[in-house]
Amino acid sequence: MKVIINGEEKTFEAPLNLYGILEQQGYVEMLIAVARNGSFVPKEQYQSINLESGDTLEILAPMQGG
Amino acid sequence: MNAPLTINGHTLQSRLFLGTAGYPSPDTLARAIETSKPGLITVSLRRENAAGKGQKFWDILKNFDVPVLPNTAGCYSAREAITTAEMAREVFQTNWIKLEVIGDDYTLQPDPYGLLEAAQALIEKGFEVFPYMTDDIVLAEKLVQTGCSILMPWGAPIGSGRGLNNPYALKTLRTRYPGQTLVVDAGIGAPSHAAAAMEMGYDAVLLNTAVAKAAEPVEMARAFAQAIEAGRSAYLSGIIAPQENASASTPLVDKPLWHQSA
């Protein structure tokens, strides 16, 4: 299945939950927050959300701001 | 007399709110914070990469004992801003959010309709909303009715350094909302601009570019801290009203003979 992560399309073998993708991409130990298809996903739901092909993920971290 | 500013039970060490973007180096940012001792620092969220660039930035900031105020910069709709705010709450472990919903690319003027919609939704979700807004009195009233206890009208467009474009509107907001926490946010260029806002009775000033892009950001951060403190003291001390005519400040009693005209 294809998932767009931070604007970049990537291919994964289904089924895969959100935690699995974050683990594969090296995000698990990072201070991040995730939105799936434009909606915020709380950390405690990472394991229970199974991704579908075409899903869009935004993975955000602290950055400079004014 | 000059009591510290308190927000949600947090006593802030200064009325300078300092942005963290655009400094020549992380070390310069850190020294600007150390030197100016801001009451809070603003931060943002951006896409993280595999190298963890955001983690490195946070490693610098987390060592300061200064509250962070995450923003929703770059959001052009209420929905985007709400999602960003929820993500920021989880990352920064704070319910404070500087709510930005931009309505115009050229001036980065806030969209009042999207701002109001997002503010309402976020207050219902338990956020303390710091709305970045124009100086419109009607918008202020709607935000207050929605439950905002803090209002952050712009001085001028973000990064413009123009100072206080509309002092009349800013004074009107202060007069009409004596009980709200009012912060001038954006457009500040010189410490005198910040002092002028404080002399009007504003509770704090939020700025970024004026420090980050100064030739000497660390010294400029110090200058802003001093200006904001001076402006606050002046406001509390009662600034005299301007008059049309001169009035001798040196006493006229007992002046010597040669000052008497023939």
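In what follows, chains are A, B, ... by sequence order, proteins preceding strands, each numbered from 1. Reckoned from all heavy atoms, side chains included, excluding hydrogens, waters and symmetry mates.
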I'd like to know which of A/Pro62, A/Ala35, A/Gly7 tops the heavy-atom pair count under 4.5 Å against chain B. A/Pro62

Using a cut-off of under 4.5 Å for heavy-atom pairs, which of A/Pro42, A/Gly26, A/Gly38 has the most such pairs with chain B? A/Gly38

Heavy-atom count check: over 12 atoms from other residues, nucleotides or ligands less than 6.0 Å from B/Gln109 CD? yes

Is it the case that more than 12 heavy atoms not belonging to B/Phe64 sit under 6.0 Å from its CZ atom? yes

If the cut-off is 3.5 angstrom, what donor-acceptor pairs do you find between chain B and chain A?
unit_1, atom_1, unit_2, atom_2, d
B/Thr20, N, A/Gly65, O, 2.8
B/Thr20, OG1, A/Gly65, N, 3.0
B/Thr20, OG1, A/Gly65, O, 3.3
B/Thr42, OG1, A/Gly65, O, 3.0
B/Thr42, OG1, A/Gly66, O, 3.4
B/Ser44, N, A/Met63, O, 2.8
B/Ser44, O, A/Met63, N, 2.8
B/Arg46, N, A/Ala61, O, 3.0
B/Arg46, O, A/Ala61, N, 2.8
B/Arg47, NE, A/Glu58, OE1, 2.8
B/Arg47, NH1, A/Asn6, O, 3.3
B/Arg47, NH2, A/Glu58, OE2, 2.8
B/Glu48, N, A/Ile59, O, 2.9
B/Glu48, O, A/Asn6, ND2, 3.1
B/Glu48, O, A/Tyr27, OH, 2.9
B/Gln55, OE1, A/Leu31, N, 2.7
B/Gln55, NE2, A/Leu31, O, 3.1
B/Asn71, ND2, A/Gly66, O, 2.8
B/Arg79, NH2, A/Ser39, OG, 3.2
B/Thr83, OG1, A/Gly38, O, 2.8
B/Glu90, OE2, A/Lys43, N, 2.8
B/Lys98, NZ, A/Gly66, O, 3.2

Using the salt bridge (Lys or Arg N to Asp or Glu O under 4.0 Å) criterion, which residues pair with B/Glu34? Sequence neighbours excluded. none

Between [X] and [Y], which heavy-atom pair has the shortest distance, and what is it?
| X | Y | answer |
| --- | --- | --- |
| B/Met87 | A/Phe40 | CG-CD1, 3.5 Å |
| B/Ala21 | A/Gly66 | CB-N, 4.3 Å |
| B/Val91 | A/Leu60 | CG2-O, 4.5 Å |

